[in-house]
Each structure stands twice: as structure tokens, then as C-alpha cells.
Amino acid sequence: MNKSKLGVAISQVLGVAVGVGLLPSAAMAQQAAPKAEEQVEVISVQGIRRSMETTIDIKKNEIGVVEAVSAEDIGKLPDQSIAESLTRLPGLAGQRVNGRVQVISIRGLAPDFSTTTLNGRQQASAGDNRAVEYDQYPSELINGAVVYKTSDVAIAGMGLSGTVDLRTIRPLAYGEQAVVFNLRGEKSSFDQMHPEVSADGWRGSASYIDQFADDTVGLAIGFAHMDTPTQVKHYKAWEWNTVDQALAGTENDEALGLVGQEVTAVARSQVRDGLMAVLEYKPNDQVHSIIDAYYSKFKQDEVMRGAMWFTNQWTGDGMEFLNPTFANFGGTQVVQSGTATNLRPVLRNDNNTRDDELKALGWNTQFKLDRWTLEADLSYSGSERDEMVLETYAGLAPSGSFDSIQFNLQPYGFPTYTPATDYTDVNKVQLSDPAPWGGWGHDGSIRYPHVKESVKAVELSGRYDLTDGMLGKHFSSFDIGANYTERSKNKLVDDNDLFLKNDRTPVSIDPSLLVSPTSLAFAGIPGVISYDILKTVDRYYDIEPILDTNRWNKAWSVDEEVLTSFVRLNLDTELFGRPLKGNIGTQFVQTDQLSSGFLASDYNPDDPATLTQVESGASYNDVLPALNLGLEVLDDQFIRLGLGKTMARPRMDEMRANITAGVSVDSRRWSGSSGNPQLEPWRAKAVDLTYEVYLEGTSYVALGAFYKKLDSYIYTQNFDFDFSNAPNNSNIEPVSPIGNMSRPANGQGGNIRGLELSMSLDLGQFYQPLDGFGFIGSQSWADSDIRPDGPSSGNKLPGLSDRVRDLTFYYEKDGFSARLNSRYRSEFRGEVVQLFATRGYTEVLADKQVDAQLSYSFQEGDLYGLTVLFQVNNLTNSPYTTRLSTLQENGGHFPEVYEEYGRQFLFGVSYKL
């Protein structure tokens, strides 16, 4: 963080701190003590303020630095998944995937650096690595979440950036019977883009909570269904480059031109069913047992149709720009408008599906024996993901025909294109491989990624009460425990090419297979031809497997066995006459990891890759001490200090044993790339310092600073490697068995630091005319000198946003509730799905989203318990944008992706018996 940014942040924080000092007196001035003869009315706090009271209680009573989110009532988190709720917490930021928040970064560190638990148990991920995809968890079934930012040695597998613990309801603690129903309809502001996916959706849930046998047995069951669509208007600029030959004869032949682009309409149908069940048994104060289960099935069907083409002077087709006009984009002269000639548009009809299944089961039992409290916990979490990624191509008829397209480009937003050909005319379009340079060598592709993961764990722990012993003057208890976890993850991608029948002869599409043309009017194109994709593939294509090295590089398995034991001493004493609580302890972590995969030689079209099975692993130990202190310096004002060593295990795809190798035709030397099963974790030392002021009811202010010193980081590095055991599939005799290997390895770390400010203010506590109005907000600043691609590289740390902000203004009174929320995240490096179903990084630009919600809960009469709700998500139609690495003259970057998702309108009702 440079000094100017840090100075601004510190001045803002100090300004708020001065105001905080005046708040308690202001609150006291508004409240007069009740007279002895007056009866004090007991008010049941509900809605937003009830949620904030629960949240504040959690923050206030925890020893370490935590953030929390709590449901307003059963099934009443205000968001579609727990992901959106988490992004409202200080220091947490979400990444939108397909228009919805899916993964979370904590304090500027990528999702890989954090751990997610459900009721304290590690969860399997449906993604390619460890990061949990939070949109798999319905908000209606999650009662709240706690984010641990400082080390807690009692949490096995705690992440380097923190741990997110999702929590379901505890029926005995809830203490009463409840039956709750929720129903919401959803509509997009965008019209239906494809006939296969509706523009309308709905979601519903039902929950039942009860207690039996004199409140010794508790039961909670919840079911949630979601059927929600996403409509996406998509544009992508592939590359800006020199186009002097296409501008021959003009005065601006040094201007840059856009040499490739795509315009598509995407619609996704997302159906999710979630089931939660909790059975709780507490016959007395000595025994407490809980069994909880969670199940989620998520199905996504995506249809994408559109057009893409090269405006590249090197295609060999003689492309040129007619009547070009020029503009200054960021100080760089570019071709802004004109007509591009001799183009071979590629018309796409794609269908991608994804099926996820998540399971979690846990059994926890506590026994109290004299001074001992013993606890045993058994758990299982499993996930399985199956996908289909299907691409089909069409071009102009007859094969080899060209088109001309008028264009008008914008530095931001959608361009305007006007083709000379009607792309909806079945007589002018045929299935083919129309790309320049002789085509892509296939007429489509179909891939089947499959990922499966399981996490099994057993944990035993005990707490010994010291209050009556010699140490009881300063220490409350002593903890000891051990956790054994087995994690296994497997990935396989079945890659296949699609070839047109009859020796790849281009073919016109049977009109009986056509569906309504897809409009791309948002970018000026009236429409593109659209057909029933699966039936078209069945009729016209042959499927042939791709047996190159890329296929086998994505086939791997990783197994881990981790034994985590811990000891902790809990502090409860005084310092200078003020209460001081805390803990000091350490974890001892023993890890054994093993990966298997393939060593594959370079692919020869006439001789598929030669394979050798490989297996490798490593074992290592870690000692992770931690200290947490909380001093109540004034009544309800706390200083918290956290010190500790933390770690995060490597990405699982980087731990793969796979090796791809080949011999260069020119140098006759070996080279290759691989994963690294010997990778050890990212390790860091962390310091946290916060100051928290808790006011009356639902008001608090907290200021915090953190610093992490990463002792190591994982970079892609180059090594000399002995390829003696690699199969040579090239028929080229290498000059030496020693060659260059590129693989991830542990290397030099770096620093990450930041400031956090958060507050919740019930304004009516300070000024009576504002009764019912409130404000919840947070802002975080973060900076890092870590270079994830090596110390000499310039790329930012994945997931790091310099600033993250969340603001909520609300009014809540007499059953009426209104809220307006705005969340902002500055630009960051995000992980996305790229070509061939692989993962890669792109630069995501700043994102700001605004949501609004109105509701009314009937307070009496026959409709008591009924709440009606109207909600608008993405109120300002905030786009998703990324940038290219190409620099403009002013130091900025050319834009890459521009997507709009539209507004989502929801109207619903909930009823609580």
C-alpha cells in the first residue's frame, strides 16, 4: 500500500474513531432511566435488528477477531445464497460467476487460502480445488455464519486467511415450535433469450422446528427449492494489434485495430434442491448429542448462441478496413468504426450442463464428567460434479463465403455491428469449420469434466475446568484434542472432437431442427441461426476422442491424511483492574499426501499420446502456535490482539502428479510441464489488532488492522529435469535426457496488510425522530507485495482488491421494512474457466452492485405471521467487465469482457405458524 493510500485510509479511520468516542454519551442522553413505579414494556426485536443483535453478541463474546451474519428469522437471510450474505461482512469480497456470487476472498487472499466448514466440519468442494462454491448452500437452510479471522488452534484445517463456519439451526436452543413457508417468484428485466430457458423463475422453502420429551429432544427439518434463470448479454474483445496492411493508403496506418471479437447471448437455467435435518438430544446437563445432515443437488443448463470473427490481417483472406474512422482510446489511436471485409464469421450454438451433488453428515456428542467436558465428533462430506461442454460451429454457405461487417466500437460497453448477411437464413448458413487459416481442425467439440471429492474426519477433544484449582485465579480451562481427516479428490476430463459425417462435408441444417433465431440486437446484430443443439449433434456429427497430452494432464487424483492435535490454555483474569480474556496454544499438524496421474508424451495426430502411470507424494509436519487476547478497556469497549502462525494447503490441481513432455524439433531438447505432489503449504505469520465499541442494542463500531508475513508462496518455476523415463513419441532423437521442466514449487513469500472499519448504527438510539432508521457499513483497504507468478513478475495477488466496501441503509418499524444495499469491490485478478475446460486468471474490473428490498409483516389479526416481500437485485444493472493485458498510452488497459445480467425482480410471501 503506498503512503498516500495508507494515509487516506488512516485519516478516515481516525475520523470515525473520534466520532465513536462521542456516541456512548449521545446514546445515554436519549435514554432516561425508568421510574421505580413504571412498568417496563418488553419488546420483541425482529427483522434486521434481531439479526444484528445476534451478530453483535457473537462478535462481543468471541475471544478472537470474528465477523458474523445471522438470519433475521428461520429461513430469512435476505439473499439467494449464503454467498451474498457473506460479501456484506468486513474484509470479505465475492466474485460473480454467471451473474451470482460463487466464491469468497477473505482479506484480499484468493478462495484457496480459506477453509469452509459446516457446523465446524470441513466441507468437500464441487470445484476443481478446495474452495467451496457458496451458491450451493441455500440461504433458507443456513441460520448464520461466523468468519474466524485470527487463529484458533481448536479448528482443524483453519485457512491462512480465515475460516468460514456455516451454521444450521439448533432446535433446543431455538426453544419453540415453528413452521415456516417461503415462496418467491422471480423475473429478469431481460427478455427470454433462448426457447430452452425461461426468463422467469421461482424459489420456495419449508422449515419445521420442534421440541419433544420435556425439551430433551429437538428436531429441525428444512427443504429449499430454487429454479432461477440467468440471462446474459456478452461481448468479448480478443486482442488489439497492428493492422497496417488492412489500413493501407490511410494516414493512420499505425493505429491499432481489434483483431478478434465475439457477441453472444447466454441463458442459464439453475435448479437447486437442498435438504437440512438436525436431531438434538440433551436429557440432562451431562449429555448433549446432535446429528445433522445436509444434502444439495444443483443442476445447471446453459445455452449460448452468437457470432465471432477475426479482423486479423494475417488470416490470408485479404481482410481490409473500408472508410475507417479513428478515435483515441486511453491515449492510443485505434480504428473505431468502418467496414471490415473478407470475414469468415463463426456462428456458435453451444450447450453446457452441470450437475452437482453435495452430502454432509455429522454426529457430535458431549459428556460432562466432574471437571472434564469430553467431546467426540464424526463427519463425512462428499461432492460429485459432472459437466458437459458442447460447442458446434456454422459458417456462411457455400463453404468459403465471405461477409463484410460495419462496426462502431466503444471504449466501454457494447459495440455496434451490422453484417451484410442475414445470419438467420438457413439457406445462407451451413454447419462447417469456417475459421480462417484452414479452420480449427474439427467441426465442434464435446467435453465431459468429472470431479469427485470426499472428506472423512473424526475428532476427539476435552476441556478441563481450572476455576477451582491453583491456576483458577488467571485461567478458566485447559483444552486438548486431536482431529484426523482423510481427503480424496479425483478429476477426469473426457475430451472429444465433433466431425461432420461424410468426411466433414459442410451441410445445411434441416429446417425441422430450427428454433427461434437468437437476437444480438444489444450489439446491433439482428439475429443468428439457432437450432436444437443435441438433436443436431445426433444427426450430423461423429464423436471421436482426443487423446493428446492435454487430456491426460487433466486426469489426476490427490489423497491426503492429516492428523491435527492441539493444546490450549484459556485465560480469564484482569489487567489493571479490567477484564482480560484470551487463550494461548498450539497445533501440531502431520500431513501425508499422495498423487497419481500420467506421464504423457507429445501428441502426434497419427500416434496418440504414450502414457506411463506415475505416483508421488510427500510428508511434512507443522507447528502452529497462536495467541488471542481481549481486554475490556472500558465497559463494552474491547481491544483484541491476535498472533499466530497459519497455513493453507496447496491447490489440488497443482499437487497433481501429471507430467507432459516432448522433444523440440528445432533444439532436439526435452521440455515439459507438470504438477508437484511434493508441494508444501503456503505458510504465514499473522498479527491482528482491533478496537471494538459496543453501544446499546444493535449499534457498534470496530476498527482493525492486520498484517500477514507469508514465509513461502507457490510459483511456477523452471528446473532441470531428467526425462530418461519419459516415452518419446516424436521420433526425434534428443541430444540429452536433461531438459527444462516447468512446475509449481514453494518459493519466496511476501507481505499483505490492511485496515478494516465496520459499524452498525441504530440511528433512533441517538436521535428519537430517526427511530426505525439504521445504517450498517464496512470498508476495507488491503495491499500486498507478493508476486504470484514469481518475484520478478508484475501480476497482482489473485483475489486481492485494494478496496472493498459494503453499505446498507434501512428503515424498520411497525412491521414495515425497507433496505438499500450497495457493495463495491475494486479491480482484482480472478480465476475463471477458460479454453478446454481448464482454469486460468483474468483481470476483473471494479464491480459495484445495488440491491433493494421492501417487506411488510402483519403484526396482528388473521394474517399475523405473514410477510410479503418485494426485492430487486442488481438494481443498476451493474456489468461484469475484465481487461486485456494490452497497455494503452496512458498506462491503462484495453477492455476485454463486457457482460450485462439485467435486474432480477422477486415478489414473495413467507408465513410462520
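- With sequence neighbours left out, Glu574 forms a side-chain contact (heavy atoms from CB on, under 4.5 Å) with no residue at all.
- For Asp128 and Lys491, the salt-bridge test passes: some basic side-chain N is under 4.0 Å from an acidic carboxylate O.
- There is a side-chain donor-acceptor pair under 3.5 Å between Arg649 and Thr591.
- Residues passing the side-chain contact (heavy atoms from CB on, under 4.5 Å) test with Ala376, sequence neighbours excluded: Leu460.
- Remark: Val287 pairs with Pro283, Asn284, Phe367 by the side-chain contact (heavy atoms from CB on, under 4.5 Å) rule, at least two apart or across chains.
- Side-chain contact, Ser289 with Thr365: a donor N or O sits under 3.5 Å from an acceptor N or O.
- Minimum heavy-atom separation, Ser383 to Ser125: OG-O, 2.8 Å.
- Closest non-hydrogen pair, Ser557 versus Ser596, comes out as OG-OG, 2.6 Å.
- Under the side-chain hydrogen bond (donor to acceptor under 3.5 Å, both in side chains) criterion, Thr163 pairs with no residue, sequence neighbours left out.
- In this structure, a donor-acceptor pair under 3.5 Å is present between the side chains of Asn628 and Thr150.
- Side-chain atoms of Tyr700 and Thr55 include no donor-acceptor pair closer than 3.5 Å.
- Taking OG1 of Thr373 as the start and NE2 of His288 as the end, the distance is 12.5 Å to the nearest 0.5 Å.
- Residues that satisfy the side-chain contact (heavy atoms from CB on, under 4.5 Å) test with Thr646, not counting sequence neighbours, are Ser151, Leu160, Ala684.
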*asked:* Applying side-chain contact (heavy atoms from CB on, under 4.5 Å) to Val69 and Arg88, what does each step give before you reach the verdict?
replied: CA-CA 9 Å; Val69 59; Arg88 306 188 196 285; over 6 Å; no
*Please test Leu631 against Leu629 for side-chain contact (heavy atoms from CB on, under 4.5 Å), starting from the C-alpha separation and ending with a verdict.*
CA-CA 7 Å; Leu631 177 65; Leu629 297 174; over 6 Å; no
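- For the residue pair Gln678/Ser616, the side-chain donor-acceptor check at 3.5 Å is satisfied.
- In this structure, Tyr715 places its OH atom where more than 12 heavy-atom neighbours from other residues, nucleotides or ligands lie under 6.0 Å away.
- For residues 623-634, the set of pairs meeting the salt bridge (Lys or Arg N to Asp or Glu O under 4.0 Å) definition, not counting sequence neighbours, is empty.
- Checked against ring pair (Phe, Tyr, Trp, His ring centres under 6.0 Å), Tyr294 has the following partners two or more places apart in sequence or in another chain: Tyr137.
- Taking the side-chain hydrogen bond (donor to acceptor under 3.5 Å, both in side chains) definition, one finds that Asp806 meets it with Asn821, sequence neighbours left out.
- Residues Phe113 and Leu710 share a closest heavy-atom pair of CE2-CD2, 4.5 Å.
- A 6.0 Å sphere centred on NZ of Lys709 holds more than 12 heavy atoms belonging to other residues, nucleotides or ligands.
- Salt-bridge check for Arg385 with Glu133: failed, with every basic side-chain N at 4.0 Å or more from each acidic carboxylate O.
- Remark: Glu62 pairs with no residue by the side-chain hydrogen bond (donor to acceptor under 3.5 Å, both in side chains) rule, at least two apart or across chains.
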*Where do Ser488 and Ser454 land on the side chain to side chain donor-acceptor pair (under 3.5 Å) test, with the steps shown first?*
CA-CA 5 Å; Ser488 176; Ser454 67; 4.9 Å; no
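- Of the candidates Leu109, Asn746, Asp112, Asp112 is the only one forming a side chain to side chain contact (heavy atoms under 4.5 Å, CB included) with Trp682.
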*Can you list the steps and then say if Thr564 with Asn483 is a side chain to side chain donor-acceptor pair (under 3.5 Å)?*
CA-CA 5 Å; Thr564 303; Asn483 176 288; 5.2 Å; no
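- What you find for Ala124 and Val132 is that their closest heavy atoms are O-CG2, 4.2 Å.
- Around the NZ atom of Lys581, the shell of radius 6.0 Å holds no more than 12 heavy atoms that belong to other residues, nucleotides or ligands.
- Among residues two or more places apart in sequence or in another chain, the ring pair (Phe, Tyr, Trp, His ring centres under 6.0 Å) test is passed with Tyr484 by none.
- Not a single side-chain hydrogen bond (donor to acceptor under 3.5 Å, both in side chains) links Arg805 to another residue, sequence neighbours left out.
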*Apply side chain to side chain donor-acceptor pair (under 3.5 Å) to the pair Tyr134 and Thr116, showing each step before the final yes or no.*
CA-CA 9 Å; Tyr134 289 99; Thr116 300; 2.6 Å; yes
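- No donor-acceptor contact under 3.5 angstrom links the side chains of Ser477 and Asp479, judged on distance only.
- Between Asp653 and Lys489, no side-chain nitrogen of the basic residue sits less than 4.0 Å from a carboxylate oxygen of the acidic one, so the salt-bridge criterion is not met.
- Among residue pairs with one or both ends in residues 681-694, those qualifying as salt bridge (Lys or Arg N to Asp or Glu O under 4.0 Å) are Arg107-Asp688, Asp622-Arg683, Arg640-Glu692, Glu680-Arg683, Lys685-Asp711; sequence neighbours excluded.
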